[in-house]
Amino acid sequence: MYNTCMILLVRTKVTPAQLTEMSTQYDGYIKVVVDVARRILAGGAERHVDEEQALLDDGSAQADLWGGGFDRETKEIDYNSMINLRPGQGNPSRDILLADIRKQFDIIVKKLLL
Amino acid sequence: MTNTELRQLLLDIAVNCTRMGNWIADDYAGKKSRVLLFLDQTSAYVDRVSPDELPPGAQTVFRKFVSEYPALYDEARHQPKDCARFAERLMTWGSVLTHRSSLL
C-alpha cells in the first residue's frame, strides 16, 4: 500500500482498517479511480483528480484510468467522475458508458474493496 | 412521510445536484438561469425532508449535506470560484445521496 495524505493506492484487497481510513472523507463513501489495465485503484481522496495523479505518478496510463465511487453502507458502486469525460475514447459522458470498462471497474472494485 | 416518498425526495435532490454539477462544469454562464431554477427546486426538496425520519446511514449524511447546503446554494447562485471543483462537489453529493436513498 502507498499512502499520500488521504489517498491509498490499493494493489491487494484492503484491510478493514484501510477501508475505514479511505471512507473517512465522505462518511462511508469512497471516491475511487481504477486502473483497468493494472487492475489497481486509488481511493480515499476528496477529488478524483488527486487519485488520478497518484496513479499516474505510480506509472499508470491516462487512458486506463476511470473514476467512480463505492458506498460502504449500501455496497453500491457508481461510475460518475469528472475524469471520465473522454469523447476521444468513446465516452462522451461523466458516467462510464463503455460497457466493458464498467464491467472491469466493477470487478476490480469488488475484488479490492468488498 | 412514507419511506417511498422520502427516498424519492433524496433521489430528486441527488439528481438535481448531478444535473447542476454537469451544467456548471460545462458552461456556468450559459446555463446559469437553468441552474438557478433547479437550485430553487432543490431547496424546496431539502426543506421537505425531515432528517429524523431517515435511517441512521442516510440521516448522518443528509444532516451534513444540509449543513453545507447554504454555502453550496450561495456559490451556485454566483460565479463559483472554480467551476470544475464546485461541480465535482455537487456531483459527489449527488452520488452519495443516491446511494443512501437505497437505505429507505
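In what follows, chains carry the letters A, B, and so on, assigned in the order in which the sequence lines appear, proteins first and then strands, with residues in each chain numbered from 1. Only heavy atoms go into these numbers, but all of them, side chains included; no hydrogens, no water, no symmetry mates.
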Review point. Rounded to the nearest 0.5 Å, how far apart are CD of B/E88 and CD of A/E46?
Key: 7.5 Å
Revision key, fill the gap. Heavy-atom closest pair (B/L103 atom, A/E73 atom, distance to 0.1 Å) is CD1-OE1, 4.1 Å
Practice item. Verify the cluster assignment for A/L41 and A/L8: are they in a single hydrophobic cluster under the rule of side-chain heavy atoms below 4.5 Å apart? Key: yes
Review point. Do B/M1 and B/L97 belong to the same hydrophobic cluster, where Ile, Leu, Val, Met, Phe, Trp and Tyr are linked whenever their side-chain heavy atoms lie under 4.5 Å apart, directly or via other members?
Key: yes
Practice item. Against chain A, label B/A58 side chain, backbone, both or neither, depending on which of its atoms sit under 4.5 Å from a heavy atom there. Key: neither
Study note, to complete from the structure: Output for pair (B/H99 NE2, A/R72 CZ), nearest 0.5 Å, gives 14.0 Å
Check your understanding: Considering all heavy atoms of both residues, which atom of A/Q25 and which atom of B/K64 are nearest to each other, and what is their separation?
Key -> O-NZ, 3.6 Å
Review point. In terms of heavy-atom proximity below 4.5 Å to chain B, should A/K75 be classed as side chain, backbone, both, or neither?
Key: neither
Point to revise | Min side-chain heavy-atom separation B/T92-A/Y29 under 4.5 Å | key: yes
Point to revise | Spacing of A/D71 atom CG and B/S95 atom OG [to the nearest 0.5 Å] | key: 10.0 Å
Check your understanding: For chain B, which residues from residues 77-96 of chain A have at least one heavy atom closer than 4.5 Å to it?
Key -> A/I77, A/D78, A/N80, A/M82, A/R94
**Study point:** Heavy-atom proximity to chain A below 4.5 Å, by part of B/R85
**Key:** both
Review point. Which heavy-atom pair separates A/Y26 from B/R100 by the least distance, and what is that distance?
Key: O-NH2, 4.5 Å
